[in-house]
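In what follows, a single structure is set out as structure tokens and then discussed.
Sequence lines set the chain letters: A, B, ... in the order given, protein chains first and strands last, and positions in each chain run from 1.
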Protein chains: 2
Amino acid sequence: MTAQRRVVAEVLDGDHVHLTADEVHARAVDKLPEISRATVYNTLGELVSLGEVLEVSTDRRAKRYDPNAHKPHQHLVCAQCGAIRDVHPAGNPMADLPDAERFGFVVSAVEVTYRGLCPACAGA
Amino acid sequence: MTAQRRVVAEVLDGDHVHLTADEVHARAVDKLPEISRATVYNTLGELVSLGEVLEVSTDRRAKRYDPNAHKPHQHLVCAQCGAIRDVHPAGNPMADLPDAERFGFVVSAVEVTYRGLCPACAGA
DNA sequence: ATCCTACAATGGACTTTGTCTAGGTCAAGT
DNA sequence: ACTTGACCTAGACAAAGTCCATTGTAGGAT
């Protein structure tokens with residue numbers, strides 16, 4: 001545990017936090033000015049490998065990092081501004097995929113992304 | 001309808017086709033050597049706008065284009081080799097998101113991605 | 001206390017994917 | 001034949017992420 005890693009972990013803390021790597025870097029720099037982009041990427045990669053943080057790719061833009069890895073949830077994304085909310089749908093989509101539709105794959109996860117417009121973008 | 005657009009449409013034909021823009025370009029070049037990358041991108045963009053082709057972003061790598069736009073389906077993705085299969089799960093994930101979990105969003109679409117290992121990668 | 005070694009961090013170059021722009025070509029209409 | 005406009009082309013550009021050689025650092029060995 002180095003100062004750099006601690007800072008990255010601190011930045012990624014809280015609910016409904018979905019920062020891009022660059023945003024994480026910008027905030028980390030505020031706390032530790034000499035931290036480099038590569039270190040932020042490395043540390044985020046390690047956190048993802050450890051299962052402490054989830055990677056979320058909702059569009060072609062930058063990956064986002066979600067510290068809320070321990071409570072299963074899905075995402076609701078604004079098609080216009082990119083805002084993300086964590087949501088907790090009912091049902092179990094995993095159970096909806098019959099064996100006949102698995103084509104021999106070992107299925108280990110399912111991701112559900114709801115797309116639409118957030119209140120601000122829908123109103124405008 | 002120009003020669004270039006016809007070639008792109010021809011390349012994107014068939015079931016379980018999920019090519020990247022570059023792959024589309026490579027195959028288009030086989031049929032029409034002078035076709036440019038920009039034209040492929042433009043044409044794919046138009047096909048997506050017309051609703052003839054779906055854009056699929058399963059990872060941080062290139063977008064893939066799915067000509068099977070008229071039958072609703074979801075995707076099963078190999079975490080290792082990136083292979084994609086179309087699947088047709090039961091249930092309606094849209095109905096699983098209660099109003100209380102919509103946070104005022106106007107939700108218009110839902111995407112489900114099953115992740116796992118394909119038979120080849122799981123066996124190895 | 002000093003040196004060694006392993007690991008981590010740094011900065012910058014590089015790659016990949018996609019977009020943009022300036023110019024060229026071609027067909028249709030006048 | 002000239003103009004117009006849509007389409008295409010090549011290449012420059014941009015964003016996001018990765019890689020690599022070098023530098024720094026912390027802990028153990030001497």
Legend entry - Residue-phosphate contact under 4.0 Å: B:T39 side-chain N/O, D:dC8 OP1/OP2: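 Checking D:dC8 against B:T39, no side-chain N or O comes under 4.0 Å of OP1 or OP2.
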Legend entry - Phosphate contact (D:dT25 OP1 or OP2) by A:T2 side-chain N/O below 4.0 Å: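 The answer is no; no side-chain N or O of A:T2 sits under 4.0 Å from OP1 or OP2.
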Nucleotide [N], atom [atom2] - distance to [atom1] of [X] in whole Å:
X	N	atom1	atom2	value
B:E46	D:dA6	CD	P	12 Å
B:E34	D:dA10	CD	P	8 Å
A:H25	C:dG11	NE2	C1'	11 Å
B:L32	D:dA10	CG	P	11 Å
B:L19	C:dT17	CG	P	14 Å
A:R61	D:dA15	CZ	P	13 Å
B:E23	C:dG18	CD	P	11 Å
A:L47	C:dA8	CG	P	13 Å

Inset, instruction - Let me know, please, whether B:R60 or B:V40 comes out on the 5' side of the other along DNA chain D by nearest nucleotide. - result: B:V40
Inset, instruction - Indicate, with a heavy-atom threshold strictly under 4.0 Å, whether B:A62 touches base, sugar-phosphate, or nothing. - result: sugar-phosphate
Which of the following nucleotides, [options], is nearest to the side chain of [X]?
X	options	value
A:D22	D:dC19, D:dA16, C:dT19	D:dA16
A:A21	C:dT17, D:dG17, C:dT10	D:dG17
A:R5	C:dA9, D:dA10, C:dT19	C:dA9
A:Y41	D:dG17, D:dC7, D:dT9	D:dG17
A:K63	C:dG18, D:dC8, D:dT18	D:dT18

Legend entry - Neighbour count >12 (heavy atoms, 6.0 Å) for atom CZ, A:R27: no
Legend entry - A:E46/A:R5 ion pair, N-O < 4.0 Å: yes
Inset, instruction - Using distance alone, with no hydrogens and no angle criterion, decide if B:H75 and B:H73 have a side-chain donor and acceptor under 3.5 Å apart. - result: yes
Inset, instruction - Indicate whether the side chain of A:H18 and that of A:D86 have a donor and an acceptor atom separated by less than 3.5 Å. - result: yes
Legend entry - hbond_proxy B:R37 side chain to C:dT19 base (donor-acceptor, 3.5 Å cutoff):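 Present.
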Legend entry - Matching residue for B:E23 among B:R64, B:K63, B:R61 - test: salt bridge (charged side-chain N to carboxylate O under 4.0 Å, His left out):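 Going through the options one by one, the only one that passes is B:R64.
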